[in-house]
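This report concerns only the one structure given below.
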Amino acid sequence: MASQLVESSVAESVLAVAMANGGEFAEIFAEDRRSTSAGLDDGRVEQVTSGRDRGAGIRVVVGETTGYAYTSDLTERGLETAARAAAAAAKGGGNGVKVVALGSPSSHPVNNIDVDPTSVAKARKVELLLEANEAARSVDGAIVQVSAGYSDARREILVANTEGVYATDAQVRTAFRVSVVANGDSGMQTGYESLGHTMGFELFDRHKVADVGLAAANQAITKLRARPAPSGAMPVVIKCGSGGVLFHEACGHGLEADLIAKGASVYRDRVGQLVASPLVTLVDDGTMSGEWGAIGIDDEGNPSQYNVLIQDGVLTDYMWDYLRARKEGHKVSGNGRRQNYTYLPMVRMTNTYVLNGTEDPEAIVRDTPNGVYVAKLGGGSVNTATGDFVFGMTEAYLIENGQITEPLREGNLIGNGPQVLQDIDLLGNDFAMGSPGTCGKDGQGVPVGDGQPTLRVKSLTIGGTAA
Amino acid sequence: MSSLQEIVDRVVGQAKPGEQVEAFASRGGETSIRVYEGEVEHFVSAQSEGIGIRVIREGRTGFAYAGTLDESAIAEVLSEARDNVAFGTPDEWAGLAEPDGVEPVPQVLWSDALEQFPTAKKIDLAKELERLAIAADSRVRVDEADYQDGWGEVAVATTTGIRRAGRENAANVSVGTLAEDGEDTQTGFGFSVGRDPALFDLQKAAREAADRATRLLGAIKPPSKKVTVVLDPYVTAQFLGVISSTLSGEAVIKGRSLFANRLGEVVASPLITLIDDPTNPLAYTATDLDGEGLAARRNMLIESGRLNQFVHSSYSARRAGTASTGNAVRGGYAGGTPGAGCLAMQLAPGTRSQEQLIADVSDGVLIQMVQGLHSGVNPISGDFSTGASGLLIKDGKIGAPVREFTIASTLQRMLLDVVEVGGDIDWLPSRAAGVSLVINDVMMSGE
């Protein structure tokens with residue numbers, strides 16, 4: 001990078017302004033995001049969009065209070081105006097100026113970008129849409145509608161704070177999605193498949209968009225003969241790479257230190273205790289090269305980390321951001337993230353996954369006389385205070401006599417986090433990462449990844465309509 | 001500083017022969033205050049702005065946006081939007097809205113009282129709400145008490161002769177509660193919204209937040225069986241939000257609505273009359289203009305159970321061979337071509353209170369909260385399954401609290417299975433008003 005988003009001399013003087021009223025901590029978060037997206041629907045490339053979002057947020061902390069202001073004006077004058085607003089919001093006591101010398105920024109890239117998407121012709125991006133559309137429609141005459149989306153973004157961030165952190169990162173993400181509608185005697189059904197990685201256009205050397213289209217189409221066609229899902233509690237087998245969201249909801253959010261601090265998590269005061277089946281080792285890993293939740297630094301300037309949250313069923317640690325770590329005298333864990341410069345950072349997951357077990361995945365199904373096999377999960381949500389969580393099954397089948405049989409219509413599954421973690425009784429040896437996700441918390445969305453091997457939960461409640 | 005209208009007019013003035021150009025610009029600000037244990041936890045104060053430009057030439061559409069109104073950036077946005085035109089597929093129906101002669105119904109969307117409301121009083125409101133919620137019940141703690149307000153102004157101009165500008169502001173307070181009894185923890189929330197913070201009902205917000213949480217203490221997982229559900233007004237509003245996507249003219253023309261080809265047919269119980277009326281000043285999302293700058297208007301969607309019409313933007317209307325119903329929905333300056341959607345839905349209310357509705361239910365459940373409407377509900381197939389919590393109803397009386405169960409049916413069945421609409425209409429902060437709703441034959445899935 002030839003020039004920084006905010007030069008060190010500017011950052012130093014803006015931080016001094018932010019601290020002028022006697023703050024204890026001040027931070028500049030600057031961001032420049034360029035994006036391209038293209039959408040196809042109903043057989044037409046409807047629109048190619050170019051976007052640019054650029055700005056900075058200034059945070060000032062005094063005691064328990066955080067003041068925050070943001071601006072799209074990255075000049076020294078614009079930043080100082082925001083710094084004064086943030087300082088006023090934190091109502092400091094006028095203790096004088098803290099001087100900070102920043103030097104040169106550090107960076108901690110987790111992977112190289114081979115082909116910067118901004119260097120690729122838009123015409124090539126549009127071709128991908130047409131390829132996926134054609135592949136999906138070729139599957140069956142019952143496919144009546146296809147929409148496809150391409151997106152790439154290059155997000156350059158810079159963080160400077162009064163503790164001397166001065167770091168930059170360039171996060172390049174490329175994604176592709178296809179959704180289809182199939183029409184049959186029983187009405188319409190849908191299929192959805194997506195692909196997304198923290199990498200450049202080389203994504204499409206490794207994955208074919210036609211395969212994404214085929215997978216979405218096959219899912220919808222299969223569901224045309226789906227029967228209503230059962231209702232009530234039963235064993236559930238979740239296919240590898242499709243059920244990481246289970247852990248994201250069942251315990252991931254509950255291990256975020258901000259929720260712990262307010263007593264709004266069922267995992268409060270449980271470090272060192274058995275909180276899951278001893279089969280479960282759960283990791284949150286921002287360093288996982290190329291994955292959707294990978295980051296070089298978090299949005300507070302700290303390098304991403306590999307953090308073990310649960311080891312052999314025992315809770316080892318929570319996830320931390322700057323404020324919670326400072327308050328508890330704990331180390332930060334690289335989990336301070338934000339949607340963009342208009343938001344305050346908070347504790348967020350990155351790539352959250354369960355390590356391999358030892359079982360043959362086919363044997364897990366064979367050993368389940370009756371239950372449900374979930375091949376694809378939709379979104380989910382959790383109430384961290386009660387532990388109750390739901391997640392949708394977008395592709396699922398009955399298991400009868402140890403065999404996967406008929407496809408099921410969509411529905412939610414519901415469970416209680418601590419109980420479900422204990423109820424994992426079989427864990428496969430076929431670990432895979434899942435689809436790219438957007439995790440929402442307190443109105444902010446951030447990209448996250450998840451993964452797990454095939455596993456069985458001995459009892460989960462299926463929210464179907466059949467008795 | 002140029003006015004937004006001047007900015008968008010200048011952009012449209014640069015249209016070349018054969019080009020349709022639309023410019024949409026906005027400016028806004030927010031204050032967001034969170035209080036915890038009597039102290040300000042965070043105070044966010046900021047302003048933002050941006051512009052989106054759409055160019056259509058020979059049926060091809062290109063779009064670009066930037067989060068700034070800087071003149072050089074605007075020139076770059078126009079140039080990017082033009083560049084993007086080349087990659088679109090020609091679409092004979094592509095085009096901008098044209099003035100249709102319908103005059104907007106004036107709405108009061110701006111409050112000087114809110115604009116002048118002092119910062120210190122905003123903080124006091126959040127602190128007072130936290131205090132009231134804690135005082136409401138000895139088992140209740142508060143994990144967040146918030147005050148938020150925002151203002152925004154927008155302007156849109158097109159080469160087809162649309163030229164509109166407006167501004168609005170609004171504020172709200174909300175509180176999240178935790179009720180604890182031994183090992184058991186349950187959660188609740190309460191809020192008050194409006195354009196004059198001095199009129200907020202903090203007592204009611206605190207009472208509701210405490211009640212929602214404490215009512216669920218001791219909740220059990222219910223058995224699995226078919227029941228009658230009574231949806232709380234707040235839940236009905238969310239349910240209508242799901243229904244609205246089936247009534248979008250865009251979903252209809254693209255084959256994604258389960259009600260396509262059913263105009264004039266009976267799709268719901270005769271008790272169901274569903275109206276989209278953003279001209280009703282009681283509606284939280286009342287507005288004078290839609291996302292394309294056409295007058296917002298009252299549209300009867302379902303009349304006594306019969307499907308009357310869909311909602312349209314100018315694009316979906318052109319393809320469907322009809323006129324825009326003033327229902328273009330735009331996702332801000334970064335949103336691109338507007339879609340078609342409902343703006344302010346309401347069910348025509350019945351006459352009885354929720355207590356009276358419950359008195360007629362022999363075996364059912366009052367649904368107080370739902371969880372997972374984004375994951376287990378598919379408005380294209382109609383499959384409906386959501387996590388829920390609430391209170392059992394036995395022989396017309398409220399019974400034990402229940403949680404960790406789902407309710408499931410299909411959207412098609414649920415509309416037909418409505419047996420009563422309550423008289424308790426509640427103008428909630430959403431695109432739909434709430435009202436109690438009684439629905440038969442819903443599968444409850446628990447143990």
Side-chain angles (χ1 to χ4, degrees), chain A residues 38 41-42 44-55 63-72 85 89-90 122-123 126 144-145 181 187-190 231-233 262-264 266 342 344 378-381 383 385-386 388 390-392 409-412 414-416 461-465, chain B residues 36 39-49 61-68 73 76 80-81 83-84 87-89 91 141 143 178 185-187 224 254-256 258 334 336-337 371-372 374-376 378 380-383 385-387 389 403-410 443 445-447:
Chain A
D41 195 9
D42 203 23
R44 296 183 187 85
V45 177
E46 289 192 322
Q47 186 171 288
V48 172
T49 297
S50 307
R52 179 88 186 264
D53 295 284
R54 194 163 178 270
E64 300 290 305
T65 300
T66 298
Y68 194 67
Y70 55 82
T71 176
S72 56
K122 289 171 187 168
V126 166
V144 293
Q145 195 53 279
V181 181
M188 290 186 286
Q189 284 293 343
T190 59
S231 52
K262 290 189 170 181
V266 284
T342 69
L344 277 165
S381 68
N383 180 332
T386 65
D388 288 349
V390 296
F391 54 92
R409 295 184 70 114
E410 278 177 58
N412 261 312
I414 190 162
N416 185 261
T461 298
I462 309 280
T465 55
Chain B
Y36 183 61
E39 300 282 339
V40 174
E41 181 177 295
H42 67 234
F43 186 111
V44 180
S45 165
Q47 300 202 2
S48 59
E49 58 185 26
T61 301
F63 178 73
Y65 72 88
T68 173
E76 195 185 322
E80 278 286 332
D83 187 50
N84 289 341
F87 307 103
T89 309
D91 179 348
R141 289 194 296 123
D143 61 345
L178 300 166
T185 302
Q186 296 297 333
T187 60
S224 300
K254 291 181 174 172
R256 288 196 182 89
L258 48 86
T337 301
Q371 184 183 11
H374 67 300
S375 55
N378 184 329
I380 297 176
S381 68
D383 287 325
S385 165
T386 175
S389 56
R403 53 165 270 271
E404 203 195 334
F405 66 97
T406 59
I407 51 172
S409 179
T410 64
M443 189 70 202
S445 183
E447 290 295 350

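Order of the sequence lines sets the chain letters (A, B, ...), proteins ahead of strands, with each chain counted from 1.
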Just so I understand: if I count every heavy-atom pair under 4.5 Å between each of [options] and chain B, which residue has the most?
options: A:Gly263, A:Gly378, A:Ala38; result: A:Gly263
options: A:Thr386, A:Leu344, A:Thr342, A:Ile414; result: A:Ile414
options: A:Gly55, A:Gly415, A:Gly67; result: A:Gly415
options: A:Ala85, A:Gly187, A:Ala123, A:Gly63; result: A:Ala123
options: A:Gln189, A:Arg409, A:Arg54; result: A:Arg409

Original post:
Does any heavy atom of chain A fall under 4.5 Å from the side chain of B:Phe405, the backbone, both, or neither of them?
Top reply: backbone
**OP:** Could you tell me which portion of B:Gln47 (side chain, backbone, both or neither) has an atom closer than 4.5 angstrom to a non-hydrogen atom of chain A?
**Re:** backbone
Subject >> Reported CG-to-CG distance for the pair A:Asn412 and B:Asp383, which is rounded to 0.5 angstrom >> reply: 11.0 Å
Subject >> Region of A:Tyr70 that comes under 4.5 Å of a non-hydrogen atom in chain B >> reply: both
Hey, which of [options] has the most heavy atom pairs under 4.5 Å with chain A?
options: B:Leu178, B:Asp143, B:Val40; answer: B:Val40
options: B:Ser224, B:Ala81, B:Gly372; answer: B:Gly372
options: B:Glu39, B:Arg256, B:Glu80; answer: B:Arg256
options: B:Gly382, B:Ser389, B:Ala66; answer: B:Ala66

Spell out, as yes or no, whether a donor-acceptor pair under 3.5 Å connects the side chain of [X] to the backbone of [Y].
X: B:Arg141; Y: A:Lys262; answer: yes
X: A:Gln145; Y: A:Asp42; answer: yes
X: A:Ser231; Y: A:Gly463; answer: no
X: B:His374; Y: A:Gly380; answer: yes
X: A:Asp388; Y: A:Asn383; answer: no

Original post:
Pick one: which of B:Asp91, B:Asn84, B:Thr337, B:Thr61 meets side-chain hydrogen bond (donor to acceptor under 3.5 Å, both in side chains) with A:Gln47?
Top reply: B:Thr337
Original post:
Of the non-hydrogen atoms in B:Thr89 and A:Val45, which two are nearest, and what is the gap between them?
Top reply: OG1-N, 2.7 Å
